[in-house]
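Quick note: residue numbers are just sequence positions, from 1. Only heavy atoms go into these numbers, but all of them, side chains included; no hydrogens, no water, no symmetry mates.
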Amino acid sequence: MSMSNHPKAYGTAAVAVAFVAGIMLTLGFKDLYPDLERRYQRRRGISSTSDSRPTSTYLPPVKLEDHTRSARHSVVGRPTPPIPEGIEGCIGNTPLFKIKSLSEATGCEIFAKAEFLNGAGGSPKDRVALNMIQMAEEEGLLTPGHGDTIYEGTVGSTGISLATLARAKGYRAYICMPNDQAKEKSDLLHHLGATVERVTPAPITSTEHFVNLARKRASEQTASGEDASKGFFADQFESTANYLAHFKTTGPEIWQQTGGQIDAFVAGAGTGGTISGISMYLKQEMGMAGALRVVLADPDGSGLYNKIKNGVMFSNTEREGMRRRQQVDTIVEGIGINRITENFEAGRELIDDAVKVTDEQAMKMARWLVEKDGIFCGSSSAVNCVAALVTALQMPKGSRIVTILCDSGTRHLSKFWKKVAESGMEEDDEGTDIIAVLGIRKDGS
């Protein structure tokens, strides 16, 4: 029977033959292709030191190698930066940024040092706490892993920084603080593993003042003789480790971040370490004494404003029958005081001026910064920003002013921000003119 009588079988056979022929042709061309390619390159004048393709179908065994680490290095062309050792390595080098709304309102550049981004306790006190611990270790006052305890009297931020670093470096923390401070601060201290003793506010001359009580507790542990552990009183108000921390770190950072182009520095004072340390670095170390204006931001009830302006420590709320609170008559926490500390005295002569900021102005500024810039700050930061704005209005257009954003508003919810809400400021439309909102004249007076 012929194939013509069976067309289906004939078609199948033809396809099979064509398929086999195709395979044979492909294999033959694969071996022939390198020669054709070389001839083509010679004809076009293209030279090649080596064949770009294999001359046969043989493929050598594949060897797998790990190039992950070298690939990481080659991405940027240089070694990766060092990774910090522990939480203490995340302190410092905080960013400096322009506060847009305040800069536009004044015609000056107002910059904020974002100290709330310090990686341990979230405030400039991280720098202070770390330096106090390191200096105490160098002097043999603290020994890691021996049950030593760090004692401090604080309104919150220094205690939080100390409690964080104490755990990280092998110590315990015992914090004494006034019981009129925002409760979230003491709650946070408890969660950080610190022992917290909240006490009734008392004058600094009293043994029951929170600072004096912390000193007493440290002495009691050292003298107990129950074990070899020591009690170390950090003493942030009088310890030179405080202002030296800012002299060694914060001041140099501001200088580098501004390229030395800064006309004014504005900050509040509690212990006085921040304003003294930074001022000493900029004015003395970097020779800006005649070019830099240092301005103190002072809240209600504090006597430092009058000390700078008139040479006398005095506040109107100190008059007989006027005092409402034992410490400082303000809702602002962290700055304001009615005595001269060693840290404030270290840089007092370098402070050129002072701005008094009311509680109402601080609250309005805090609300303004949320609405216009998305910045949620604490009470002392708001005071700093009011004083920075006033300072800018008194200076030539284009001047550069640096201030400090100390901590987040999350530490001030139950007191400062609660007061903001109760005052109706969160519902009111504050308008578009921050100078008018604060009740300040255009010349800053």
Side-chain angles (χ1 to χ4, degrees), residues 94-115 124 243 246-247 249-270 272-299 302 304-305 307-309 335 344 346-357 361-362 365 368-369 373 375 377 380-406 434-435 438 440-445:
T94 55
L96 185 78
F97 69 94
K98 180 190 286 189
I99 303 180
K100 293 185 290 185
S101 70
L102 302 188
S103 298
E104 292 169 1
T106 60
C108 293
E109 292 182 296
I110 297 180
F111 300 107
K113 181 74 166 155
E115 286 293 277
Y243 82 80
H246 295 291
F247 180 86
T249 65
T250 325
E253 288 173 25
I254 291 174
W255 173 266
Q256 292 167 3
Q257 289 167 327
T258 60
Q261 301 301 306
I262 171 176
D263 300 296
F265 172 65
V266 180
T274 302
I275 195 168
S276 288
I278 294 174
S279 299
M280 291 172 73
Y281 179 82
L282 295 176
K283 282 196 168 187
Q284 295 179 344
E285 190 74 6
M286 304 311 298
M288 298 189 72
L292 178 68
R293 186 182 182 195
V294 176
V295 180
L296 170 75
D298 210 35
S302 174
L304 296 179
Y305 170 85
K307 184 66 176 178
I308 297 301
K309 300 287 281 189
I335 58 174
F344 185 79
R348 182 170 63 88
E349 295 300 325
L350 302 176
I351 301 175
D352 302 292
D353 201 359
V355 174
K356 176 67 73 174
V357 179
Q361 287 175 328
M365 174 58 78
W368 174 275
L369 291 173
D373 298 277
I375 300 171
C377 66
S380 56
S381 299
V383 170
N384 286 346
C385 288
V386 173
L389 182 141
V390 171
T391 300
L393 293 173
Q394 297 171 349
M395 301 185 71
K397 299 294 184 182
S399 296
R400 307 181 101 199
I401 296 94
V402 172
T403 192
I404 304 291
L405 292 185
C406 307
I434 182 59
I435 300 172
L438 297 178
I440 300 171
R441 295 182 181 178
K442 295 292 183 179
D443 60 0
S445 61

Do [X] and [Y] have side-chain heavy atoms sitting under 4.5 Å apart?
X      : Y      : answer
His246 : Ile404 : no
Val357 : Pro299 : no
Val390 : Ile440 : yes

Notebook entry, point to check: Would a distance-only check, ignoring hydrogens and angles, find a side-chain to backbone donor-acceptor pair under 3.5 Å from Arg400 to Thr258?
Noted result: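 Checked: pair present.
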Next item on the list: For the pair Lys113 (side chain) and Thr94 (backbone), establish whether a donor and an acceptor sit closer than 3.5 Å, ignoring hydrogens and angles.
Entry: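 Flag set: sc Lys113 to bb Thr94 pair under 3.5 Å.
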Notebook entry, point to check: Stepwise, does the side chain to side chain contact (heavy atoms under 4.5 Å, CB included) test hold for Met395 with Thr106?
Noted result: CA-CA 9 Å; Met395 301 185 71; Thr106 60; over 6 Å; no
Margin query: Checking Val295 against Thr403 for the side chain to side chain contact (heavy atoms under 4.5 Å, CB included) test, could you report, in this order, the C-alpha distance in whole Å, the side-chain angles of both residues, the deciding distance, and whether it holds?
Written below: CA-CA 10 Å; Val295 180; Thr403 192; over 6 Å; no
Notebook entry, point to check: Is a salt bridge present between Asp298 and Lys356, judged by a nitrogen-to-oxygen distance below 4.0 Å?
Noted result: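 Salt bridge: yes.
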Item checked: Trace of the side chain to side chain contact (heavy atoms under 4.5 Å, CB included) decision for Ser279 with Leu292 -> CA-CA 9 Å; Ser279 299; Leu292 178 68; 6.0 Å; no
Note to self: My understanding is that only one of Ile308, Ile278, Ile351, Leu282 makes a side chain to side chain contact (heavy atoms under 4.5 Å, CB included) with Val294; could you say which?
What the structure shows: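 Running side chain to side chain contact (heavy atoms under 4.5 Å, CB included) over Ile308, Ile278, Ile351, Leu282 with Val294 returns exactly one hit, Ile351.
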Heavy atoms only: give me the nearest [X]-[Y] pair and the separation to one decimal.
X      : Y      : result
Met365 : Leu102 : CE-CD2, 3.9 Å
Cys377 : Ala382 : SG-N, 4.0 Å
Leu296 : Tyr305 : CD2-N, 4.1 Å
Gln361 : Val386 : O-CG2, 3.7 Å
Gly268 : Asn384 : N-OD1, 2.9 Å
Ala388 : Ile401 : CB-CG2, 4.1 Å

With rounding to the nearest 0.5 angstrom, report the [atom1] to [atom2] distance, [X] to [Y].
X      : Y      : atom1 : atom2 : result
Arg441 : Gln394 : CZ    : CD    : 12.0 Å
Phe265 : Ile275 : CZ    : CD1   : 6.0 Å
Lys98  : Leu96  : NZ    : CG    : 11.0 Å
Asp353 : Arg293 : CG    : CZ    : 5.0 Å
Ile434 : Leu389 : CD1   : CG    : 6.5 Å
Leu369 : Ser381 : CG    : OG    : 9.0 Å

Notebook entry, point to check: Could you walk me through whether Trp255 and Met288 pass the side chain to side chain contact (heavy atoms under 4.5 Å, CB included) check?
Noted result: CA-CA 11 Å; Trp255 173 266; Met288 298 189 72; 3.3 Å; yes
